[in-house]
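The structure appears below as structure tokens.
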Amino acid sequence: MQLVEALQSLKENGYKYTGKREGMIRIFDREGRYLSAKEILEFMQQEYPDLSFDTIYRNLTLFEELEIVECTDLGGERKYRIRCNTSDHHHHLICLTCGKTKHISACPMDKMVSVQTANDFQIIGHKFEIYGYCTKCQ
Ligand SMILES: [Zn+2]
Ligand SMILES: [Zn+2]
Ligand SMILES: [Zn+2]
């Protein structure tokens, strides 16, 4: 997901394209890593000092619904990042300090033949993440 696509997705779904929404998407696009709502708020307050957590959360929920961002829980905190710019199936290595991610194309589901053949259960998705520290944060 790139900035332009994300903004288009807002428009296509009938949501107003506000300076604040665009500002948040720009931050996600620029940072390209997992961010907490607090980090987003701090970045946004440089431009909008009166901005509330409420507005941030409301927009994050909307971005999640529109699949502009993906989220995960890191260290007990919900974090968000702009959705990857590829439709190829992949997973992430995630740095627990800075939230940076790296792609891995290997998928553990490929090895889980017994799960895939459990045909009384309809599998629609899975989640797999590897946590650690990037070279900068080690
Ligand atoms: Zn990715
Ligand atoms: Zn890091
Ligand atoms: Zn997978």
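Whatever order the structure lists ligands and atoms in, that order sets their numbers, starting from 1. In this chain, residues are counted from 1 in sequence order.
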Review point. For the Zn ion (ligand 3), does an N/O/S atom of H89 lie at less than 2.8 Å?
Key: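 Under 2.8 Å: H89 contacts the Zn ion (ligand 3) through an N, O or S atom.
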Check your understanding: Out of E129, K79, R81, which residue meets the side chain to side chain donor-acceptor pair (under 3.5 Å) rule with T72?
Key ->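 Testing T72 for a side chain to side chain donor-acceptor pair (under 3.5 Å) against E129, K79, R81 leaves exactly one candidate, E129.
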Review point. Roughly, to 10 degrees, what angle do H92 atom NE2 and H90 atom NE2 form around the Zn ion (ligand 1)?
Key: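 Centred on the Zn ion (ligand 1), the NE2/NE2 angle is 110° (to 10°).
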Review point. How wide is the angle at the Zn ion (ligand 1) between SG in C84 and NE2 in H103, to the nearest 10°?
Key: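 Here the angle at the metal atom is close to 100°, to 10°.
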**Study point:** Atom of H91 nearest the Zn ion (ligand 3) (restricted to N/O/S, atom name only)
**Key:**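 Going through the N, O and S atoms of H91 one by one, NE2 ends up nearest to the Zn ion (ligand 3).
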Check your understanding: To the nearest 10°, what's the angle at the Zn ion (ligand 2) between atoms SG (C98) and SG (C137)?
Key ->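 The angle at the Zn ion (ligand 2) comes to 110°, rounded to the nearest 10°.
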**Study point:** Metal site angle (apex the Zn ion (ligand 2)), SG from C134 and SG from C95, 10 degrees
**Key:**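 Reported to 10°, the angle equals 120°.
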**Study point:** Which atom of Y17 lies closest to which atom of K11, heavy atoms considered
**Key:**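 Between these two residues, the closest heavy atoms are CD1-CD, 4.4 Å.
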Exercise for review: Identify the heavy atoms of E39 and Y34 that sit nearest to each other, and give their distance.
Suggested key: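 Answer, listing the atom of E39 first, then Y34: OE1-O, 4.3 Å.
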Practice item. Would you mind checking if E31 and K100 are paired as a salt bridge, meaning a charged N to carboxylate O distance below 4.0 Å? Key: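 Salt bridge flag = no for E31 with K100.
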Practice item. Specify whether H91 and H89 have parallel, tilted or perpendicular ring planes, treating 30° as the upper limit for parallel and 60° as the lower limit for perpendicular. Key: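 Perpendicular: the ring planes of H91 and H89 meet at over 60°.
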Practice item. For the pair E22 and K16, evaluate salt bridge (Lys or Arg N to Asp or Glu O under 4.0 Å) and give the outcome as yes or no after the intermediate values. Key: CA-CA 10 Å; E22 182 180 339; K16 264 214 293 199; over 6 Å; no
Review point. To the nearest 10°, what's the angle at the Zn ion (ligand 3) between atoms SG (C107) and NE2 (H126)?
Key: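 The SG/NE2 angle about the Zn ion (ligand 3) sits at 110°.
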